[in-house]
Amino acid sequence: MRVAGYNVAAIAAAAVAIYAVGFVTYGLLFQAQWIAWSGYSETSFAGQEWRMALSPVMPILIAVGLAWLLRALKVTGWVRATGVGLAAGVFFAVSDRLYGFVYGIEPVQLLALDAGHQLACFLVGSAVLGLMKPA
């Protein structure tokens, strides 16, 4: 199915892949480290659980944005798409993530984890889109 010329299945698959990267990164591999480095505790979000309902919004926005970018640049194929994802990840996601480090007091380990996660999301999302021809 296409909406406004975009392959909705490709965007959905990219969003699911991006979400999976976050689950593996923060849910399985680095949960304890993220909690320690961020200064949060296991109970820091008590009463704020509703925020988790918003978690699918971010991967969807990234997938839609990448699909738009790939279409605007007329990129075809997963290799070229992944290259665009790498550039977008570095120039937008990682650079944006630097603000929290530069103007905050977080440890460099948290910056590395979060920036690495963002970069992986852009790489995986763009590769999936490149494989599935998003536009």
Side-chain angles (χ1 to χ4, degrees):
M1 179 170 98
R2 293 193 174 269
V3 174
Y6 290 94
N7 180 343
V8 175
I11 292 171
V16 168
I18 291 166
Y19 197 88
V21 168
F23 173 73
V24 169
T25 302
Y26 296 108
L28 298 178
L29 298 177
F30 299 105
Q31 181 181 28
Q33 293 90 337
W34 183 84
I35 289 171
W37 295 334
S38 67
Y40 296 121
S41 72
E42 302 249 355
T43 60
S44 291
F45 294 99
Q48 299 293 313
E49 293 85 1
W50 62 268
R51 292 178 184 219
M52 290 303 289
L54 299 174
S55 64
V57 172
M58 297 167 292
I60 292 168
L61 289 175
I62 293 169
V64 169
L66 285 170
W68 174 85
L69 183 60
L70 294 173
R71 180 180 183 177
L73 295 174
K74 298 177 174 56
V75 173
T76 58
W78 74 272
V79 174
R80 290 193 61 221
T82 305
V84 170
L86 174 64
V90 169
F91 295 128
F92 299 110
V94 173
S95 64
D96 181 65
R97 185 61 193 83
L98 279 168
Y99 277 99
F101 177 75
V102 171
Y103 297 112
I105 57 171
E106 68 187 39
V108 70
Q109 297 95 324
L110 184 60
L111 169 65
L113 177 61
D114 289 346
H117 163 254
Q118 286 294 308
L119 191 55
C121 286
F122 275 69
L123 288 169
V124 167
S126 60
V128 169
L129 289 167
L131 284 168
M132 295 184 70
K133 299 177 181 50

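In what follows, every heavy atom counts, from backbone to side chain, and hydrogens, waters and symmetry copies are set aside.
- The CZ atom of F122 sits 13.0 Å away from atom OG1 of T82, with the distance rounded to the nearest 0.5 Å.
- Taking both residues in full, the closest heavy atoms of V124 and A17 are given as CG1-CB, 3.5 Å, listed atom of the first, atom of the second, then distance.
- Of all the heavy atoms in M132 and A10, the pair that sits closest is CB-CB, 3.5 Å.
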Where do S126 and V84 land on the side-chain contact (heavy atoms from CB on, under 4.5 Å) test, with the steps shown first?
CA-CA 7 Å; S126 60; V84 170; 5.9 Å; no
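- With hydrogens and angles disregarded, a donor-acceptor distance shorter than 3.5 Å links the side chain of E49 to the backbone of G47.
- A continuous path of ILVMFWY side-chain contacts below 4.5 Å connects F91 to L123, so both sit in one hydrophobic cluster.
- When atom types are taken as modelled, the side chain of D114 and the backbone of R97 share no donor-acceptor pair closer than 3.5 angstrom.
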Going through the checks in order, is the side-chain contact (heavy atoms from CB on, under 4.5 Å) test met by Y26 and L113?
CA-CA 9 Å; Y26 296 108; L113 177 61; 3.9 Å; yes
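- Here the two rings, on W34 and Y40, have centers that are under 6.0 Å apart.
- Two different hydrophobic clusters hold L69 and L61 under the rule that ILVMFWY side chains link at heavy-atom gaps under 4.5 Å.
- Here the CZ-CE distance, from F45 to M52, works out to 9.0 Å after rounding to the nearest 0.5 Å.
- F101 and L110 fall into different hydrophobic clusters, where Ile, Leu, Val, Met, Phe, Trp and Tyr are joined by side-chain heavy atoms under 4.5 Å apart, directly or via other members.
- Residues L73 and V64 fall within the same hydrophobic cluster, defined by Ile, Leu, Val, Met, Phe, Trp and Tyr side chains chained together at heavy-atom separations under 4.5 Å.
- With values rounded to the nearest 0.5 angstrom, Y19 atom OH is found 7.5 Å from M58 atom CE.
- Here L111 contributes atom CG and W37 contributes atom CH2; the two are 11.0 Å apart, rounded to the nearest 0.5 Å.
- Applying the 6.0 Å contact sphere to CD1 of I105 captures no more than 12 heavy atoms from other residues, nucleotides or ligands.
- With values rounded to the nearest 0.5 angstrom, L119 atom CG is found 13.5 Å from F92 atom CZ.
- Taking OG1 from T25 and CD from Q118, the interatomic distance works out to 10.0 Å, rounded to the nearest 0.5 Å.
- What you find for A120 and V21 is that their closest heavy atoms are CB-CG1, 3.9 Å.
- Taken together through direct or relayed side-chain contacts under 4.5 Å among Ile, Leu, Val, Met, Phe, Trp and Tyr, V16 and I18 form parts of separate hydrophobic clusters.
- Nearest heavy atom pair, residue A14 against residue A63, reads CB-CB, 3.9 Å.
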Given side-chain contact (heavy atoms from CB on, under 4.5 Å), test I11 with I60 step by step and report yes or no.
CA-CA 8 Å; I11 292 171; I60 292 168; 5.6 Å; no
